[in-house]
Amino acid sequence: MLRVLKPLSGLSPKQQSIGQLQSRYRYRRHPKNDGGGGGVWKTEEKKDGYLLLHKSKGQHLLTNQRILDSIVRKSAIKPTDTVLEIGPGTGNLTLKLLEAAQRVVAVELDKRMVEVLQKRVAESGVQDRLTVICKDALKAEFPPFDLVVANIPYGISSPLVAKLVYGARPFRGATLLLQKEFARRLLAKPGDSEFNRLAVNVNLVADVEFFMDVSKREFVPSPKVDSSVVIIRPKAEIPNVDLNEWWAFTKACFCKKNKTLGATFKQKKKVMELLGMSKLAGSNGDSKDYISSTDNDDDEGESDEEEFSPSPCSEMGASSFKEKLMGVLKSADFEDKRPSKLSNEELLHLLALFNQAGIYFHDQSKSRNAENESLTVAYS
């Protein structure tokens with residue numbers, strides 16, 4: 001059900017601290033939209049003080065002050081820090097961040113939200129320490145920052161995590177409020193039913209820590225599912241591996257995460273793809289698909305023998321190449337192992353064996369564009 005924000009009057013801004021300003025805003029249903037679940041924002045918001053929030057846009061505002069305080073404390077913000085907040089909404093978290101940090105950079109696409117946010121911060125008297133970027137967070141260029149603290153819109157969780165952990169801006173840590181199911185996938189370990197390519201690729205460059213669960217009842221409007229707070233900390237050292245090659249390799253492995261690697265790499269289509277990649281260093285069309293959590297990483301889906309009709313010559317080459325693939329898997333006892341059970345160390349070892357045998361998963365002639373490809377996710 002759609003809910004709205006309504007500012008309340010009664011206190012002089014000059015007499016209020018940031019904490020007192022929190023109580024000047026309350027949330028309740030718009031009387032004209034009591035039975036609705038969405039809809040177009042109407043211009044009468046300017047007249048009656050109501051701001052319609054849209055679930056379809058991920059506009060779920062966390063209102064529990066105790067939880068907001070806990071998130072800020074756990075983030076370990078220093079007085080000299082610049083904090084990046086993505087999706088600040090109307091500023092419930094922003095006001096608390098401004099109490100702890102030297103500066104807050106808020107990225108918010110919705111201009112209506114920006115208007116309310118700037119008004120609330122101005123009333124607190126610290127507007128000079130807030131920078132607002134009114135752009136899509138996935139397309140915006142972030143200025144330097146020390147920490148990320150944010151209530152992430154569910155719909156951009158995967159690409160946004162990708163942009164942070166594989167982006168060019170170094171940072172100390174990211175405290176993120178995420179959909180609970182997504183957080184569980186991010187935290188999954190080898191052998192867990194939720195273990196997936198998302199966890200594999202994030203774990204290559206960062207450590208993820210669970211902090212707390214947050215009930216859906218703490219948001220306005222309430223989402224359909226609960227949330228979790230996790231903390232992502234970039235690793236000081238990461239493995240010496242070509243990232244494009246790694247992303248393409250994990251995609252090949254986790255397309256059927258519960259199948260054995262032997263079964264996966266025996267597929268005709270997979271054999272021909274890798275044969276073409278290794279011989280011709282062909283298209284890099286999959287190079288951007290490095291962190292998606294929406295891959296078909298289970299045993300359902302495409303058949304092992306998809307419609308594929310190689311020529312007699314390519315059939316001979318494929319047969320020889322398949323033997324080469326199986327030889328690499330057998331050399332280190334990987335043939336009967338499943339990606340869902342393998343650690344990053346084991347996957348890195350297998351990738352090294354493939355590369356040493358002249359088998360590649362990404363076009364080696366293409367260089368990585370750090371500013372564009374590393375910040376873009378292509379979903380399967």
Side-chain angles (χ1 to χ4, degrees), residues 162 165-166 188-192 195-208 234-267 269-292 295 297 317-370 373-374 378 380:
V165 300
Y166 282 109
K189 304 297 181 185
D192 294 346
F195 189 59
N196 61 94
R197 184 165 159 255
L198 170 74
V200 166
N201 287 332
V202 171
N203 185 256
L204 182 74
V205 295
D207 295 314
V208 184
K235 293 180 177 179
E237 297 182 4
I238 63 173
N240 183 21
V241 61
D242 181 284
L243 291 178
N244 282 319
E245 181 71 5
W246 170 258
W247 297 328
F249 169 67
T250 57
K251 181 178 183 180
C253 291
F254 279 84
C255 64
K256 300 282 174 30
K257 71 174 185 179
N258 290 318
K259 284 185 177 291
T260 64
L261 289 167
T264 295
F265 288 106
K266 282 179 182 176
Q267 297 178 45
K269 185 176 181 180
K270 183 65 65 180
V271 170
M272 295 304 294
E273 285 177 351
L274 294 177
L275 174 60
M277 188 68 68
S278 298
K279 290 178 64 175
L280 305 175
S283 171
N284 70 329
D286 291 333
S287 64
K288 300 176 186 177
D289 191 11
Y290 55 84
I291 199 171
S292 172
D295 289 331
D297 56 1
S319 178
S320 175
F321 190 72
K322 183 168 76 172
E323 291 181 7
K324 189 176 184 179
L325 286 168
M326 294 303 105
V328 171
L329 293 174
K330 291 177 181 178
S331 69
D333 296 323
F334 279 107
E335 185 181 17
D336 296 324
K337 293 184 177 179
R338 306 173 193 276
S340 60
K341 307 290 184 180
L342 297 180
S343 66
N344 272 24
E345 289 72 21
E346 291 172 305
L347 289 167
L348 285 164
H349 177 51
L350 177 57
L351 176 58
L353 293 176
F354 275 129
N355 289 171
Q356 289 167 13
I359 299 170
Y360 295 97
F361 296 80
H362 169 73
D363 186 348
Q364 299 299 299
S365 69
K366 303 292 184 179
S367 62
R368 178 172 180 245
N369 185 321
E373 290 187 6
S374 68
S380 298

K.L.:
Testing the basics here: between Leu353 and Ser331, what is the closest heavy-atom pair and its distance to 0.1 Å?
P.N.:
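For Leu353 versus Ser331, the nearest heavy atoms are CD1-OG, 4.3 Å.
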K.L.:
To the nearest 0.5 Å, tell me how far Glu346 CD sits from Leu348 CG.
P.N.:
10.5 Å
K.L.:
So how far is it from Gln267 CD to Leu325 CG, rounded to the nearest 0.5 Å?
P.N.:
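Gln267 CD to Leu325 CG: 11.5 Å, rounded to 0.5 Å.
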K.L.:
Taking all atoms of both residues into account, what is the closest heavy-atom pair of Ala252 and Thr264, and its distance?
P.N.:
O-CG2, 3.7 Å
K.L.:
Atom CG of Asn203 and atom CZ of Phe195: how far apart are they, to the nearest 0.5 Å?
P.N.:
7.5 Å
K.L.:
If I compare all heavy atoms of Lys259 with all of Pro339, which pair ends up nearest, and what's the gap?
P.N.:
O-CD, 3.2 Å
K.L.:
For the CG atom of Leu347 and the CZ atom of Phe249, what is their distance to the nearest 0.5 Å?
P.N.:
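Between atom CG of Leu347 and atom CZ of Phe249 there are 5.5 Å.
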K.L.:
Can you list the steps and then say if Thr250 with Phe361 is a side chain to side chain contact (heavy atoms under 4.5 Å, CB included)?
P.N.:
CA-CA 9 Å; Thr250 57; Phe361 296 80; over 6 Å; no
K.L.:
Below 4.5 Å, heavy atoms only, C-beta onward: do Asn201 and Val165 meet side chain to side chain?
P.N.:
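No, side chains not in contact.
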K.L.:
Nearest 0.5 angstrom please: Tyr166 OH to Ile238 CD1, how far?
P.N.:
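The OH atom of Tyr166 sits 7.5 Å away from the CD1 atom of Ile238.
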K.L.:
Quick check: do Leu342 and Val200 have side-chain heavy atoms less than 4.5 Å from each other?
P.N.:
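No, every pair of side-chain atoms sits at 4.5 Å or beyond.
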K.L.:
Using a distance-only test with no angle check, is there a side-chain donor-acceptor pair under 3.5 angstrom linking Thr260 and Asp336?
P.N.:
no
K.L.:
Once you round to the nearest 0.5 Å, how far does CG of Leu198 lie from CZ of Phe254?
P.N.:
10.5 Å
K.L.:
I'd like to check Asn355 versus Asp242 (side-chain heavy atoms, cut-off strictly below 4.5 Å). Are they in contact?
P.N.:
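Answer no - side chains too far apart.
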K.L.:
If you draw a 6.0 Å radius around NZ in Lys235, do more than 12 non-hydrogen atoms from other residues or ligands fall strictly inside?
P.N.:
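Counting neighbours around NZ of Lys235, more than 12 heavy atoms of other residues, nucleotides or ligands fall under 6.0 Å, so yes.
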K.L.:
Can you see which heavy atom on Ile359 is nearest to which on Glu245, and at what distance?
P.N.:
O-OE2, 4.2 Å
K.L.:
Please report the shortest heavy-atom distance between Leu329 and Leu261, naming the atom on each side.
P.N.:
CD1-O, 3.8 Å
K.L.:
Looking only at heavy atoms, what is the nearest atom pair of Lys266 and Lys322, with distance?
P.N.:
O-CD, 3.8 Å
K.L.:
Checking the side chain of Lys324 only, and the main-chain atoms of Ala357 only, is there a donor and an acceptor separated by less than 3.5 Å?
P.N.:
yes
K.L.:
State which residue, out of Phe321, Phe265, Phe334, fulfils the ring-ring contact (aromatic ring centres under 6.0 Å, His included) condition with Phe354.
P.N.:
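Testing Phe354 for a ring-ring contact (aromatic ring centres under 6.0 Å, His included) against Phe321, Phe265, Phe334 leaves exactly one candidate, Phe265.
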